[in-house]
Amino acid sequence: MINLTIDGQKVRVPKETTIFEAAKKMNIDIPHLCYHEDLSIYGACRICVVEIDRRPRLEPSCATVVEEGMVVRTNTARIRRARKMIVELLLANHPEDCFTCERSQTCELGKLAYDLGVRELRFKKARKYHYEPDTTSPAIIRDPNKCIQCSRCIRVCSEIQSVGAIEFVNRGGRTQVLTFFNKGLNNVECTTCGQCILACPTGALRERTVVDEAWEVISNPKKFVVVQTAPAVRAAIGEEFGMPPGSLVTSKMVTALRRLGFDRVFDTQFGADLTIMEEAHELIERIKNKGTLPMVTSCSPGWIKYIEHFFPECLEYLSTCKSPQQMFGPIAKTYYAQKAGIKPQDMCVVSIMPCVAKKFEAQRPEMKASGVQDVDVVLTTREAARMIKEAGIDFVNLPNEDFDKPLGISSGAGVIFGATGGVMEAALRTAYEIVTGRTLPRIEFEEVRGMQGIKNAEINLNGLSLKVAIAHGLSNAKVLLEEVQKGKSPYHFIEIMACPGGCLGGGGQPMPTNLEIRKARAKSLYQEDKNKPIRKSHQNPAIITLYKEFLGKPLSEKAHKLLHTSYTKRNRY
Amino acid sequence: MSLAKCERELKMVLKECGNKNEALLPCLHVACEKCGYLTEEIITFLAKELNLPPVEVYSVATFYSMFNLQRQGKYVIRICVSLPCYLRGSKKILETLKDELNIETGQTTKDKKFTIEAVSCLGLCDKAPAMMVNKEVYGNLTPKKVKKVILQYKAKR
Amino acid sequence: MKVVLKNIEKRGYKGNIDSYLKEGGYNAFKKALKMKPDQILFEIKKSKLVGRGGAAFPTELKWEFAKKCKEYPKYVVCNADEGEPGTFKDRIILENDPHLVLEAMIICGFTVGAEEGFIYIRGEYFKAYEILKRAIEEAERNNFLGKNILGSNFSFKITLFRGAGSYVCGEETALLDSLEGKKGQSRVKPPFPTFVGFKNKPTVLNNVETFANIPEIILKGGDWFSQIGSPLSCGTKLYCLSGDVNRPGVYELPANITLKELIEKCGQGVRGKLKAILPGGVSSNLLTDKELNITLDYPSVQKAGSMLGSGAVIIINDSRCIVDLAKRCAEFFDYESCGKCAPCREGTKRTREIFANITQGQGNLSDILLLKELQEVMYDTSRCGLGQAALNAVRSIIEKFPGEFKEHISKKKCKLKICPM
């Protein structure tokens, strides 16, 4: 343990603690920009500088490790002046379109300027460069003009996601974050996971907004508009309205969506239950028929694009099941449309997703199983919240309402899809009962839950010891996939989610999203599961009816046509 | 196509460095020397060999002023514009060069023969004002001397 | 008294291995091979040699720390990325006496327990590169480099590494990153490279000139060396004289010489009338004729409010517009900033813009205060020496030539008709 003094108070912290962390323990949140708790230390914005006795210069608290007897001050005139000036310098280079900026309410640079009392800009605006925004991606838009070069997007892309689609290009004042030869995100190995958006302190990165398209279809009288909401949305959207992280707001959300004018409010969890039916049977088939193992889940579109770029030779391991969003789409436009007497082309499916990669997924050419595009408009949690705000709906005080039937009926297994390990647990609940014919003695699989990067477990399935592994965040996924690539994977079944924490930490979720908040959201999803009368996908009555009336049985020809897909080899080099 | 001109040499350098990242700068030097500039093809090749994201190699290549991502002239004229040379009249030298070659700083002549680069100190301050044409050093320049040097290179095939 | 240029200034000295051996080359290494590493360290300690790259850190300490590290392998790196405008001494040494540096690096490797060394030479030094390449081959042929050198169980190899046009790579940690194939951007210090250096291993990093002193110290002893110069600054120093001076060049002198003596005796006087001097290149604060009597050692120059740095003494005469020169300096730092830390990246850019405005008659009196504050903040918060020192020259120009500065701003006039008003 190390003893030091910060702002006159004595504090004792473990070795290797940084001054920033030590101060945090004392409830001092030193102003910062390039520091991010999930990422490596970069030490470049110099906002978090502090004064240390016997050091000639100010030192970055994020990159300075405590020493015995150190005397640190975090708030002196010298420090305040330096921080203020650095922000002024950054602002002198920053567009002045704050009112119309996507991040006007959540901009860390703007907040910092306000907090530090920057009230005039002494440096003349002399912007010489106007960079073209990168609008190539269906999911993410990059505006280099708003970039302050904190490298958080670069670090999250390479460290957390092992992708490395963007880097600093050129040097000095001409530095920009760019893709390879400025080809644009859509033309490089970007997985569209959108973690860079969450990491960005300014409006330099944002989702491709389709709020206008959503309003348009809603107000088009010729369109029958159904909305589906992913599990992770209900555990997070409340944050957009000032509610504590992880507030479970399922019924308020349903009410709000109905008031926005959607004709039916359905649940992607129905699609999740359907996914489990297909995926559990696919797994059992593969094990029985000595098919390709391990089988790897395919719900996370960021993950799919990653494997297509980085492990194109491993595509056969992927489950052929579409994601819940993409199972819901064609079922709505065929089964439900028939039931409701609506032509598929007159129906519009809007999704609300915690994810920006879903925007990309919906536009994949193979996603037209219903004959038309299966999912028309994909909104992120943030975009949906904005629509609710735009409509002036007092979200917090809304009454509770229920999803519409039948595509709004779901099991607890569908709920936990939103958390890492959830797909695995949901699949195990169903696979166990199908294989053994017995009721699960214990419905919760604690061993597959939690925020550990890679988890594994063994489950006894009628004598077969089923080995499973779960990874979230693509760096962790890479570890498991390298084993698969070398033919050394000991597992039967692997769940992978592109984003840390699973969908609840997706790139489309409210800001900020950090470990504490991810944990809170997970907790409420598991609570929702507990509250559900039905907790296994194969017991969802709407699913049972769907198979009886329409699909026949899992993996049937019709199911294959509507609910399964294929993948594309995309190269990295 | 560009890669064909330097692949053999690049592989040699890579082998010498055991395909480690330290090979990157030497490889970029070799590629620039053999091909004149760094193409997408070359950078992708190096990224693959070193198992790096292509954009990372691109990032390194754009950081250093000696690596070119555009085709350069056969003769690259690096003229020092730092203080010691400036005090000795580098401004006039640069103007003479631009007049003689009819291009601006950073540009390449239409016949792809000359490129003018204004660079930071070349460490030739004892011979200021100074410039380099490819690897050759020219010091104590006067406009007259510069014209002569350019004429010599123009005459070369 | 010559230590570093002792061979170079001899008539007919060629710098190849035969010439070098004839002048007693590699005798220091042969002597060192028979000494214990601690004895070598002791001699260097007694010599009071400090780094000649600019920071003036005691050389012996670096070597001792690296020697004590238990991590292996260890590395020796020679910083030959000479880039400070006005500095060209390392080029002179490398082109004319390359074996002197090789011998020193070999001694260093032997002392600290390293078996591999690198010379990071700036990319534009094509000639020096070729000469060094040949010298390394010569040394290998003569078994001064290679396996089991001269029958001992000490092995050492030296690899030449070319920079690629980046001033900031002269900063030691940026140099190491560059050597590892990355962009040359400074690392967070501590840890210092001596402990965590090349590939995170203990690394001794010295400037060319620093190394060039080592063989004589070994041969003649640390006491002999410390007698040269002044107690404040032992040994000789290489001064690079450039700008408005009659005889620019590299001069090796004991570090107790005054600025005036250097200009008059070595440089044979100023061309025109003296206006100002940059004693340590464009990163240093300006001196004027009032400070001609300071001695050119590290502490004295610092006391005079500037720094000796690598010894790039740039002379400026009175036909020069000082604001125009400040603009030049600002442009240099804007071009060479690596762009990593915000104060340097943005600060150098803003400074260049402010000077562009002032020299076009669009300055503002508030710019003066703003530049002063910016200098202080950049010194206080920049990540490495580049940003910390980038506005030194600018600041001293404001302070020492306030009239000329204000004239540009309020009267929109450049008396010398140099700025494009």
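Residue numbering restarts at 1 for every chain, and letters A, B, ... go by the order of the sequence lines. Here the structure is a predicted model, which is why all the values come from computation and not from measurement. Basis for what follows: all heavy atoms, side chains included, without hydrogens, waters or symmetry-related copies.
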**Q** Heavy atoms only: give me the nearest Ser166(C)-Tyr64(B) pair and the separation to one decimal.
**A**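 Answer, listing the atom of Ser166(C) first, then Tyr64(B): CB-CD2, 3.8 Å.
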**Q** Rounded to the nearest 0.5 Å, what's the gap from CD on Glu84(C) to CG on Leu83(B)? Could you check?
**A**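 Output value for this atom pair is 10.5 Å.
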**Q** What's the spacing between Tyr129(C) OH and His29(B) NE2 if we round to 0.5 Å?
**A**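 That separation rounds to 8.5 Å.
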**Q** At a heavy-atom separation under 4.5 Å, does Phe198(C) approach chain B through its side chain, its backbone, both, or neither?
**A**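 Only the side chain of Phe198(C) comes within 4.5 Å of chain B.
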**Q** In terms of heavy-atom proximity below 4.5 Å to chain B, should Val313(C) be classed as side chain, backbone, both, or neither?
**A**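 Contact with chain B involves no heavy atom of Val313(C) at all.
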**Q** How far does OH of Tyr86(B) sit from CD1 of Ile314(C), to the nearest 0.5 angstrom?
**A**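 Between Tyr86(B) OH and Ile314(C) CD1, I get 13.5 Å after rounding to 0.5 Å.
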**Q** Backbone N or O of Gly243(C) within a donor-acceptor pair of the Arg88(B) side chain at under 3.5 Å?
**A**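 Yes, the answer is positive, given that a donor and an acceptor are paired below the 3.5 Å cut-off.
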**Q** Would you please test Glu180(C) and Lys20(B) for side-chain contact (heavy atoms from CB on, under 4.5 Å) and show each step?
**A** CA-CA 9 Å; Glu180(C) 290 176 6; Lys20(B) 292 200 188 101; over 6 Å; no
**Q** Under 4.5 Å, heavy atom to heavy atom: which of residues 117-138 of chain B reach chain C? Give them by number, or say none.
**A**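 Ser120(B), Cys121(B), Leu122(B), Gly123(B), Leu124(B), Cys125(B), Asp126(B), Lys127(B), Met132(B), Asn134(B), Lys135(B) fall under the 4.5 Å cut-off.
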**Q** To the closest 0.5 Å, what do you measure between CG (Leu25(B)) and NZ (Lys182(C))?
**A**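 Leu25(B) CG to Lys182(C) NZ: 12.0 Å, rounded to 0.5 Å.
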**Q** Under 4.5 Å from any heavy atom of chain B, what part of Tyr167(C) do you find: side chain, backbone, both or neither?
**A**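 Answer is neither: Tyr167(C) stays 4.5 Å or more from chain B.
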**Q** Check this for me: does any side-chain nitrogen of one of Glu22(B) and Lys199(C) sit under 4.0 Å from a carboxylate oxygen of the other?
**A**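 A salt bridge is present here (some side-chain N lies under 4.0 Å from a carboxylate O).
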**Q** Need one label for Arg271(C): side chain, backbone, both or neither, based on atoms under 4.5 Å from any heavy atom in chain B.
**A**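 For Arg271(C), the side chain is the part near chain B, not the backbone.
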**Q** Please state whether the side chain, the backbone, both or neither of Glu82(C) comes within less than 4.5 Å of a heavy atom of chain B.
**A**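 Contact with chain B: none, neither part.
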**Q** What's the separation between atom CG in Leu87(B) and atom CZ in Arg320(C), rounded to the nearest 0.5 Å?
**A**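 Answer rounded to 0.5 Å: 5.0 Å.
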**Q** Please rank Ala61(B), Ser59(B), Pro26(B) by heavy-atom pairs under 4.5 Å with chain C and give me the top one.
**A**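 Maximum pair count with chain C is reached by Ser59(B).
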**Q** Is Ile315(C) in contact with chain B via its backbone, its side chain, both, or neither, using a 4.5 Å heavy-atom distance?
**A**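 Answer is backbone: N, CA, C or O of Ile315(C) sit under 4.5 Å from chain B.
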**Q** What residue in Ser82(B), Ala23(B), Cys17(B) has the most heavy-atom pairs under 4.5 Å with chain C?
**A**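 Option with the top pair count is Ser82(B).
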**Q** For chain B, which residues of residues 321-329 of chain C have at least one non-hydrogen atom nearer than 4.5 Å to it?
**A**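 Answer by number: Asp324(C), Leu325(C), Arg328(C), Cys329(C).
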**Q** With rounding to the nearest 0.5 Å, note down the distance linking CD in Glu16(B) to OG1 in Thr159(C).
**A**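 Result: 9.0 Å between the selected atoms.
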